[in-house]
Amino acid sequence: MAEEKLPTRAEDFAEWYNQLVLKADLADYAPVRGCMVVKPYGWALWENITSWLDRAFKETGHVNAAFPTLIPMSFFEKEKEHVEGFSPELAVVTHGGGEKLEEPLVVRPTSETIIGHMYAKWIKSWRDLPVLIVQWGSVLRWEMRTKLFLRTAEFYWHEGHTAHATTEDAMEEMYRILDIYEKFCYEQAAIPVIKGTKSETERFAGAQITTAIEAMMWDKRALQAGTSHYFGQNFARAFDIQYLDQNNTLQYCETTSWAISSRIIGALIMVHGDDQGLQLPPNLAPIQTVLVPIYKNDAEKSAVMEAANRIFTELKAAGIRIKMDAREEVTPGFKFNDWEMRGVPLRIEIGPKDVEKGSVALARRDVPGRDGKSFVPQAGLTGTVERLLADIQASMLKNATAFRDSNIHEPQDYAHLAEIVQNGWAFGWWCGSKECEAKVKEDTKATTRVIPLNQPAGKGKCIVCGSEAHQKVYFARAY
RNA sequence: CGGGGUGUAGCGCAGUGGGCCAGCGCACCGCGUUUGGGACGCGGGGGUCGGCGGUUCAAGUCCGCCCACCCCGACCA
């Protein structure tokens, strides 16, 4: 249950975040360093996220399956870049049944290797392709500094792993998924994202192309909200994933993998949260509207509760995720703050005056104070609530987009870039060299985030070295 | 791993020139009054004082070692 106030975001954003996660009842610290317990409210939110994505993947022909948590250590050594990328963060099981194991087992940090191994066994012919499998589960990476949802040792996600006959098919798959992720962010999470390609430095270990969607948090830092990778034949060659084509020639497959993790919950918090607490988009909120009955004595209580129960039943029947807060041990004022902390988008208050007038009071979470309140008739409330929820969803996206756009700037020169990235994103020309990228990081702590797919026409001068540049990139400090 | 800090009730803390029963606020339980923006009174329950060892008639308090966690720096979804 929520108690007391949060620090304001301006005072201490990191502390605001930490306390909010706990007070909004999303998660708690686990006894194991870096691990979190996702509480029922947080998990309900995650389920709303996963169920939308699951549906979208199934609509595009993907199927779910499960692969083991433990992976033979030797599998990681088969792909050079992959092992280099992941070895520092592996958790390794050395004993089982009281005996030292012949070969250590790795707790999966991601499943390319074991899935590649299985694909090699399953794929024989061009007729077997494409293979479009999604695994829902958790993975473990030994992180140095952790933060609930944003970076925990164990986190939850889906990982899609696909195998294709041709480069075109695999690339198309990578972009198809990126589009699904983008759609999810805009339509469900109300988070505007920029879709693009990662630089070589920022690429996934073992990938040929890494694409991502990047979002701006309230503190203007960037957060990668989802990734989709094209591996070319890297994993296929490492794991011998081969098929016979129509000409009876042995060919290597082209593979992809892609993921959105429970980190997206961190994005929801940092994009939409305010000094009152969490603010959830109606499409994902476990509780879309909370009903708070108000009364002073038994006579009022019976009249109010009768109306409240009627409204509750009606809205619930209409498919609205509604919660009745009939707790008697706390005051209405406490409940208002409590549900605001938890991010419920819309509150319905009903008291003796409303019973008399056949009305209710509505309070929008996204519009604080009196401005967000309205008094509407009980008649037709379902429609009113549905319209308001849709309006809140739209307005959250609109606000987040306006915020993001007002914090992206075009650097005029290198000094300007350094200034911009202290409190925003810089969108500038980049020659593509690692040296320029490293210099920016060294000088400003900002990294290249995405090379957007939508590029302006023409060419310019690299903002760092001044040589000819054919692409523009976003520079920002990132989570 | 480098630097800084903290371990006393679920949370936040006080108590440390050693001395009777280890305390306060919040939370929790009970009863009553309250209830349209974070209510109040009264009465309760709850502790290996991070761990191990040492000094002492006596250790939360002094000494040694260890452990854990947090914050700040280099990697990641």
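These numbers were taken from a predicted model, which means no experiment stands behind them.
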I'd like to know if [X] pairs up with [Y] as an ion pair, taking the criterion as any Lys NZ or Arg NE/NH1/NH2 lying under 4.0 Å from an Asp or Glu carboxylate oxygen.
X      : Y      : answer
A:R347 : A:E340 : yes
A:E15  : A:R9   : no
A:D391 : A:R387 : no
A:K195 : A:E214 : no

Regarding [X], tell me which of base, sugar-phosphate or nothing describes its non-hydrogen contacts under 4.0 Å with the strands shown.
X      : value
A:T152 : base
A:K335 : nothing
A:F86  : nothing

Check: Is the gap between the ring centers of A:Y181 and A:H158 under 6.0 Å?
Finding: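 Yes, the ring of A:Y181 comes within the 6.0 Å limit of the ring of A:H158, centre to centre.
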
Next item on the list: Determine the interplanar angle of the A:F155 and A:W157 rings, folded into 0 to 90°, and report it as parallel if under 30°, tilted if 30 to 60°, perpendicular if over 60°.
Entry: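 Correct class here is perpendicular.
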
Between N or O atoms, less than 3.5 Å apart, protein on one side and nucleotides 29-35 of chain B on the other: list the pairs.
unit_1: B:U35; atom_1: O2'; unit_2: A:Y295; atom_2: O; d: 3.3

Output a table of nitrogen or oxygen pairs between the protein and nucleotides 71-75 of chain B separated by less than 3.5 Å.
unit_1: B:C72; atom_1: OP2; unit_2: A:R145; atom_2: NH2; d: 2.1
unit_1: B:C75; atom_1: OP1; unit_2: A:K441; atom_2: NZ; d: 2.8

Note to self: Under a 3.5 Å cutoff, is there a donor and acceptor pairing between the side chains of A:K198 and A:Q224?
What the structure shows: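 On atom types as modelled, these side chains qualify, holding a pair under 3.5 Å.
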
Checklist line | P atoms of B:G23 and B:C66, separation to the nearest Å | finding: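 These two P atoms come out 34 Å apart once rounded.
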
Margin query: A:K323: which residues meet the side chain to side chain donor-acceptor pair (under 3.5 Å) condition with it, sequence neighbours left out?
Written below: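 Result, side chain to side chain donor-acceptor pair (under 3.5 Å) vs A:K323: none returned.
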
